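Notes follow once the structure below has been shown.
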Number of protein chains: 2
Amino acid sequence: MLLRTSDSRPRRTWPSTSTTWPRATIPRSRASMVDLGVLKTFLAVIDSGSVVAAARERGYSPAAVSRQIGWLQRRMGVRFFEPDGRSIRPTSDALEFAVRARELVDEVNRFERYSSRFGAARR
Amino acid sequence: MLLRTSDSRPRRTWPSTSTTWPRATIPRSRASMVDLGVLKTFLAVIDSGSVVAAARERGYSPAAVSRQIGWLQRRMGVRFFEPDGRSIRPTSDALEFAVRARELVDEVNRFERYSSRFGAARR
DNA sequence: AAGGCTTACGCAATTCGTAAGCATG
DNA sequence: CATGCTTACGAATTGCGTAAGCCTT
């Protein structure tokens, strides 16, 4: 399949003048060191002290929240939560990181409001 | 399928005590009003003045960049680029929005560096 | 047992690159 | 006719919810 053996027109693909494309299909999701959604979830867990509560707050299943936290921890190479009885307890690293993360999320929220207004103003 | 008609154990799924889950599979991608990757691409197009150049800079195909810009415009309800001969020209809205967007991206870059240091320090 | 956290599994949805079309110079 | 932008298409990957397991109270 996909042969299309005939049709030998020299149709230019892209780019004609330089190196061909480096990789074949880069999935983009969560590639950037920073995933805002995960950061928001992280803060929700910190604030509520529970995966279940954070899940409800963010509109996810607890499984999704658990996965997001796991992803963040692996990404950072740091342990952010430890099991504490039936619940979890944030590490001191988590609390420290949360301060900075909250600054960013606040900034993002401001930007989100700006964007909404910007769009609404000229429509 | 998925019936499992027998096996009538009252296996708790989740959550047992409250309303069932609101939606069935929310894809998260680009759901948050802000997509940092798209914002970076937008700025790259502004700075280079060309979709092709921005694509090269960002490591995407021109098609991908074109789609990302289209997505952003639809999202914002604003036209950011107009065809200008064989190239494109940013609207005044684009230039205005770019100022604010750049602030955010800069802030995110700072956070990215912080995160790297944070992770590296305790490993 | 019941409540809370985590992993396995299947699925839906997204986004990418390639291909192809259209317009401009 | 070469360059640049955009859309259609198929492929690949992700990230979700559900299901199920483990551990604590």
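Proteins come first, then strands; the chains are lettered A, B, ... in the order of their sequence lines, and each starts at number 1. Reckoned from all heavy atoms, side chains included, excluding hydrogens, waters and symmetry mates. Computed from a predicted structure; not experimentally measured.
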For the pair made of CD in A/Glu82 and C1' in D/dC23, what is the distance, rounded to whole Å?
16 Å
Return whichever of A/Val65 or B/Gly49 has its heavy-atom-nearest nucleotide of DNA chain D closer to the 5' end.
B/Gly49
Rounded to the nearest angstrom, tell me the gap between atom CZ in A/Arg86 and atom C1' in D/dG21.
16 Å
Between C1' of C/dT15 and CZ of B/Arg58, the distance in whole Å:
14 Å
Rounding to a whole Å, what distance do you find between B/Asp35:CG and C/dT14:P?
13 Å
What is the distance, rounded to the nearest whole Å, between atom CG of B/Asp84 and atom P of C/dC22?
22 Å
Sugar-phosphate only, base, or nothing, as touched by B/Ala63 at under 4.0 Å among non-hydrogen atoms
base
In whole Å, I'd like the distance from the OH atom of A/Tyr60 to the P atom of C/dT6.
17 Å
Nearest whole Å is fine: how far is D/dT6 C1' from B/Gln68 CD?
14 Å
Distance check needed: C/dT15 P versus B/Trp71 CH2, whole Å only.
8 Å
Rounded distance [0.5 Å steps], CZ in B/Phe42 versus CG in B/Asp35:
13.5 Å
Side-chain donor-acceptor contact under 3.5 Å, A/Arg58 with A/Thr41:
yes
Side chain of A/Arg67 (C-beta onward), nearest among C/dC5, C/dA8, D/dT24
C/dA8
Step by step, work out the salt bridge (charged side-chain N to carboxylate O under 4.0 Å, His left out) result for B/Glu107 and A/Arg100.
CA-CA 11 Å; B/Glu107 177 66 28; A/Arg100 185 75 177 82; 3.6 Å; yes
What residues form a ring-ring contact (aromatic ring centres under 6.0 Å, His included) with B/Phe111, not counting sequence neighbours?
A/Phe97
Taking the nucleotide of DNA chain D with the nearest heavy atom to each, does B/Ala53 or A/Gly85 sit closer to the 5' end?
B/Ala53
Of all the nucleotides listed (C/dT6, D/dT6, C/dT18), which has the minimum atom distance to the side chain of B/Ser66?
D/dT6
